[in-house]
2 protein chains.
Amino acid sequence: MHKTAAGAQNGVIRIEEGRPAPSPPPGLTLAEGLRQQLEAAIAAGHLEPGSRLDEQEIALRYGVSRTPVREAFRLLAASQLVELRGRQGAVVRSIGPHVLLEMFQVMAELEGLCARLAARRVPPTWGATIEPIHQRLVALVDGGDADAFYDVNQEFHEAIYEAARNGFLADQTRRLRNQVAAYRRRVTRMPNRMSDTIREHEAILRAILAHDPEAAHRAMRDHVALLGDNLLDFLAAFE
Amino acid sequence: MHKTAAGAQNGVIRIEEGRPAPSPPPGLTLAEGLRQQLEAAIAAGHLEPGSRLDEQEIALRYGVSRTPVREAFRLLAASQLVELRGRQGAVVRSIGPHVLLEMFQVMAELEGLCARLAARRVPPTWGATIEPIHQRLVALVDGGDADAFYDVNQEFHEAIYEAARNGFLADQTRRLRNQVAAYRRRVTRMPNRMSDTIREHEAILRAILAHDPEAAHRAMRDHVALLGDNLLDFLAAFE
DNA sequence: AAACTCATTATTGTATACATCATGCTGCCC
DNA sequence: GGGCAGCATGATGTATACAATAATGAGTTT
């Protein structure tokens, strides 16, 4: 807001676009700031998969030139969140049921590995960390607030990544999780999904706290696989 | 070589730099072409991990402007091959022993999943595909040509990715493999690494051809884990 | 009327100019 | 003599101008 009418490095007066705040660089670069905003917009579903991203439009909307926008696109392509078709623009990546199935298969394995490592490595005090999160999740089942449930669920899994003490694995798993986020959100709203999730989480917790790596692996693997199945059911209902 | 003095879209005569060919766009974009060349240079070890990438220098070397160079950097950052430190340039990613260990742990799991899926899904005819590759690898053990061995070894694993019939998993595994490529190459030259590899490959093949998913998983997992151990030994010898 | 061709237009790719920030050095002060 | 302030230099980030290609529509032809 403070650099609104100012941004005149040349004589041209910049037309102030709508509301979305010209993205003041809070210390980091414009391209990086854009990347974060666009990533959030994609994960939240404000930008639908398959929709085309117009460089000029976004540049105008955020009050920057095309250059940082283009760089942000490349950055997003790195996370596989957008697809760059040479000379034909960028589109929000749209994942078909087939690829989604493949992704969940991989994610199940990675999250399973997290759980296995966690079971081997958690200190006795870890229960004090995870229990409050789990309880908050339980409390949200009846409320029916799917978005809140989704967020706390994320915290639960994040806590397991931490416990696995493998930063690279955590990054990979998080990245994958982010890629399917736009689709997952919808599943949370399915009939018994929330209560099922709680039950599955409890099995995972039991195994980890009992230091049983194989059981933890299996429980987590099944949990994610079930979620994938639900998602595919959901998608099938639409076609 | 063929379009040397030509590249004049404006009136400026371009100074022809050294030898490295001005990168003729073979249909795709300059940035993409650069990405491929730089990726190859990194994987082959011509660009050492930790070395700084100077935008201007590379732009001059390839006879293009800084813009496509910057885009190529962003693209490479997507594959985690270079690190972008805002305002402080790009450097070839240098992976410490600790992270390398973490990466091999994940890679072992992913390659293990490939083997497991392959064991479940290979058609009876698959032996005719993999055997020739394996035999070529065996033939290379005594020759001592580590680079050739490395390449054929890659073919072997690639054939298993194919057999697993999960494109996303194949992409992920390949990407990870690429990230550690610059380090792996060195390990191939260790004393008994080649013959050990052959033995381990045979165990993997037996399990896959016998349609034993769990055995295939375990064999591949161990194979990759052993490689990781060897790599760490190698690095330790340097410090 | 349908399909093809060509011209127009809009969007992306590349080059260059400018602004901004990080780094290294010089010189002053303690 | 050592350390810090301030400036000079060089690199990165951003903006804009230009070039090239893909999408679009009008016009004509069969």
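Please read all numbers here as calculations on a predicted model, not as lab measurements. In what follows, chains carry the letters A, B, and so on, assigned in the order in which the sequence lines appear, proteins first and then strands, with residues in each chain numbered from 1.
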Rounded distance (Å) that lies between atom [atom2] of [N] and atom [atom1] of [X]:
{"X": "L60(A)", "N": "dA15(D)", "atom1": "CG", "atom2": "C1'", "value": "13 Å"}
{"X": "R85(B)", "N": "dT23(C)", "atom1": "CZ", "atom2": "P", "value": "10 Å"}
{"X": "E55(A)", "N": "dT16(D)", "atom1": "CD", "atom2": "P", "value": "15 Å"}
{"X": "R66(A)", "N": "dG13(C)", "atom1": "CZ", "atom2": "C1'", "value": "8 Å"}
{"X": "L34(A)", "N": "dG13(D)", "atom1": "CG", "atom2": "C1'", "value": "13 Å"}
{"X": "L53(B)", "N": "dA11(D)", "atom1": "CG", "atom2": "P", "value": "14 Å"}
{"X": "Q56(A)", "N": "dG13(C)", "atom1": "CD", "atom2": "P", "value": "13 Å"}

Kindly write out the residues that satisfy salt bridge (charged side-chain N to carboxylate O under 4.0 Å, His left out) with [X], not counting sequence neighbours, or none if the list is empty.
{"X": "R221(A)", "result": "E109(A)"}
{"X": "R184(B)", "result": "none"}
{"X": "R74(A)", "result": "E71(B)"}
{"X": "R66(A)", "result": "E55(A)"}

Requested in this report: Under the salt bridge (charged side-chain N to carboxylate O under 4.0 Å, His left out) rule, what do D151(A) and R185(A) come out as? Steps first, then yes or no, please.
Outcome: CA-CA 10 Å; D151(A) 291 339; R185(A) 262 187 195 279; 3.7 Å; yes
Query raised in the report: Which part of the nucleic acid, if any, lies within reach of R52(A) when heavy atoms closer than 4.0 Å are counted: base, sugar-phosphate only, or nothing?
Result: sugar-phosphate
Query raised in the report: Regarding R175(A) and Q80(A), is there a side-chain donor-to-acceptor distance under 3.5 Å anywhere?
Result: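 On atom types as modelled, these side chains do not qualify, holding no pair under 3.5 Å.
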**Report entry** Divergence of helical axes at both termini of the helix from dA1(C)-dT30(D) to dC30(C)-dG1(D) - five pairs an end, 10° steps
**Finding:** 20°
Query raised in the report: For T29(B) and dT12(C), is the shortest distance between a side-chain N/O and OP1 or OP2 below 4.0 Å?
Result: no
Query raised in the report: Excluding sequence neighbours, so at least two apart, what forms side-chain contact (heavy atoms from CB on, under 4.5 Å) with S65(B)?
Result: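 Partners of S65(B) by the side-chain contact (heavy atoms from CB on, under 4.5 Å) criterion, ordered by chain and then number, come out as T67(B), P68(B).
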Report task. Output all residues satisfying side-chain contact (heavy atoms from CB on, under 4.5 Å) with A146(B), sequence neighbours left out; order by chain, then residue number. Result ->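 With sequence neighbours excluded, A146(B) shows a side-chain contact (heavy atoms from CB on, under 4.5 Å) to T188(B), R189(B), M194(B), given in chain and number order.
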Report summary line: Among dT12(C), dA15(C), dT14(D), the one nearest any side-chain atom of S65(B) is dA15(C)
Report task. Name all pairs fulfilling the ring-ring contact (aromatic ring centres under 6.0 Å, His included) condition that reach into residues 153-188 of chain A, sequence neighbours left out, sorted by first residue then second. Result -> F156(A)-H201(A), H157(A)-H201(A), H157(A)-H223(A)
Query - All pairs passing ring-ring contact (aromatic ring centres under 6.0 Å, His included) where residues 72-104 of chain A contributes a residue, at least two apart - result: none
Are any protein N/O atoms closer than 3.5 Å to N/O atoms in nucleotides 21-25 of chain D? If there are, list each pair with its distance.
none

Enumerate donor-acceptor pairs with a distance under 3.5 Å from any side-chain N or O in residues 38-52 of chain A to protein atoms, sequence neighbours excluded.
| from | atom 1 | to | atom 2 | distance (Å) |
| --- | --- | --- | --- | --- |
| E39(A) | OE1 | R35(A) | NH1 | 2.6 |
| E39(A) | OE2 | N178(A) | ND2 | 3.2 |
| S51(A) | OG | E48(A) | O | 2.7 |
| R52(A) | NH1 | Q88(A) | O | 3.1 |

Query raised in the report: For DNA chain D, which residues in residues 67-81 of chain A have a heavy atom at a distance below 4.0 Å?
Result: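 Within residues 67-81 of chain A, the residues near DNA chain D are T67(A), P68(A).
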